[in-house]
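The model shown is predicted, which means the values in this text are computed figures rather than measured ones.
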Amino acid sequence: MSRVQLALNVDDLDTSIAFYSKLFDTEPAKVRPGYANFAVAEPPLKLVLIENPGQGGSINHLGVEVVDTDTVDAEQTRLAEAGFASVDERGTTCCYAKQDKFWVEGAPNGERWEIYTVLADSPTPSGEAAGAVCCA
């Protein structure tokens, strides 16, 4: 299953978790310091909240979560054939998860898109010291 990911900067994580829990009638799938994500079934959405005071309400990045690394590879190949450049990240830790992914470069308005699959959970946001969220 693929689903669109929307990563939002939020001013206050607890307030945002309460709002989005009610909006989508679901509890977060993961909550960590300065970070939460929701696996919304309907509509299919991976909603990521990144606490970034002063930036609340803005998009942090966008993405498409796919089922496995083979799908990541297929999408990267398809987009390369269409002329899109990408930045490859394999076995990286981001957003409290080990991932295989790539970032699409050259979006017309500068938005950041990632195509990724989650390989495993991580106790830290970016494979480094706790407290630094990778996508902030």
Charged N to carboxylate O under 4.0 angstrom, E75 versus R78?
yes
If you round to the nearest 0.5 Å, how far is OG of S16 from CG of L8?
8.5 Å
For residues P28 and Y35, determine if any side-chain heavy atom of one lies less than 4.5 Å from a side-chain heavy atom of the other.
no
Which other residues end up in the same hydrophobic cluster as V118, if Ile, Leu, Val, Met, Phe, Trp and Tyr are linked when side-chain heavy atoms come under 4.5 Å apart?
Y116
Under 3.5 Å, is there a donor-acceptor pair between the side chain of K46 and the main chain of E65?
no
Measuring from atom CG of N37 to atom SG of C95, what distance do you get when rounded to the nearest 0.5 angstrom?
8.0 Å
Any side-chain heavy-atom pair of T124 and R32 under 4.5 Å
no
Return the CD to CD distance between E81 and Q76, rounded to the nearest 0.5 Å.
11.5 Å
Exam field: side chain S2 to backbone V66, donor-acceptor pair closer than 3.5 Å:
no
Of L13, D11, D12, which is the lone residue that meets side chain to side chain contact (heavy atoms under 4.5 Å, CB included) with T15?
D12
Once side chain to side chain contact (heavy atoms under 4.5 Å, CB included) is applied, do any residues pair with L62, and if so which ones, sequence neighbours excluded?
L6, I59, E111, W113
What verdict does the side-chain contact (heavy atoms from CB on, under 4.5 Å) test give for V72 and F102, after you've listed the backbone C-alpha separation in whole Å, the side-chain angles of each residue and the deciding distance to 0.1 Å?
CA-CA 8 Å; V72 171; F102 68 93; 3.8 Å; yes
Backbone N/O of W103 and side chain of E89: donor-acceptor pair under 3.5 Å
no
Do Q5 and V48 touch side chain to side chain, with heavy atoms closer than 4.5 Å?
yes
Which residues pass the salt bridge (Lys or Arg N to Asp or Glu O under 4.0 Å) test with D88, sequence neighbours left out?
R90
Atom pair CG (D68) and OG1 (T117), whose distance is rounded to the nearest 0.5 Å:
6.0 Å
Value rounded to 0.5 Å, distance of SG in C94 from CD in E114:
6.0 Å
Partner residues of K98 under the salt bridge (Lys or Arg N to Asp or Glu O under 4.0 Å) criterion, sequence neighbours left out
none
Any residue meeting salt bridge (Lys or Arg N to Asp or Glu O under 4.0 Å) with D100, in chain and number order, not counting sequence neighbours:
none
Using residues 17-27 as the side-chain source, report each donor-acceptor pair under 3.5 Å to any protein atom, sequence neighbours left out, with the distance given to one decimal.
residue: S21; atom: OG; partner: I17; partner atom: O; Å: 2.7

For residues H61 and I50, report the shortest heavy-atom separation together with the two atoms involved.
CE1-CD1, 4.3 Å
